[in-house]
Participant: 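Take this structure first; my questions come after.
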Amino acid sequence: MSFEDQTARLERLICLINYSNTGKAEKLAKKLGVSRRTFFNDLDFLRANGYAIVYCCIAKSYVL
């Protein structure tokens with residue numbers, strides 16, 4: 001995977017979290033075309049770089 005692919009995927013992840021009902025990790029990973037583990041790695045990377053992303057049980061969605 002190239003750096004550009006990863007960057008594009010991370011940007012798409014942020015957009016999906018900002019603008020849609022993401023659902024659980026499995027659903028969001030499928031939208032991104034990655035495994036559940038890769039999704040969590042991306043989420044950890046974003047959190048480590050200042051994004052306050054959490055899962056809201058009431059909305060059943062990841063939110064910023």
Participant: What is the distance from atom NZ of Lys31 to atom CZ of Phe39, rounded to the nearest 0.5 Å?
Facilitator: 11.0 Å
Participant: Quick one: which of Ile53, Val54, Asn21, Leu13 gives a side-chain contact (heavy atoms from CB on, under 4.5 Å) with Tyr62?
Facilitator: Ile53
Participant: Whether the side chain of Ser61 engages the backbone of Thr22 through a donor-acceptor N/O pair (distance < 3.5 Å, no angle test) should be reported.
Facilitator: yes
Participant: Could you tell me the separation between the CG atom of Asp42 and the CZ atom of Arg37, rounded to the nearest 0.5 Å?
Facilitator: 10.0 Å
Participant: Is there a path of hydrophobic side-chain contacts, each under 4.5 Å between heavy atoms of I/L/V/M/F/W/Y residues, joining Tyr19 to Tyr51?
Facilitator: no
Participant: Give the intermediate values and the outcome of side-chain contact (heavy atoms from CB on, under 4.5 Å) for residues Leu32 and Thr38.
Facilitator: CA-CA 10 Å; Leu32 294 167; Thr38 298; over 6 Å; no
Participant: When clusters are formed by joining ILVMFWY residues with side-chain heavy atoms under 4.5 Å apart, either directly or through shared neighbours, do Leu28 and Val63 land in the same one?
Facilitator: no
Participant: Rounded to the nearest 0.5 Å, how far does CG of Asp44 lie from CG of Asn49?
Facilitator: 11.0 Å
Participant: Within the distance-only criterion (no hydrogens, no angle test), does the side chain of Arg36 pair as donor or acceptor with the backbone N or O of Ala29 below 3.5 angstrom?
Facilitator: no
Participant: Are Val34 and Asn41 packed together at the side-chain level, in the sense that at least one heavy-atom pair is separated by less than 4.5 angstrom?
Facilitator: no
Participant: Measuring only between side-chain heavy atoms, which start at C-beta, is Glu26 closer than 4.5 Å to Lys30?
Facilitator: no
Participant: I need the minimum non-hydrogen distance between Tyr55 and Lys24, along with the two atoms involved.
Facilitator: OH-CG, 3.4 Å
Participant: Mark yes or no for whether Arg9, through its side chain, and Gly33, through its backbone, hold a donor-acceptor pair below 3.5 Å.
Facilitator: no
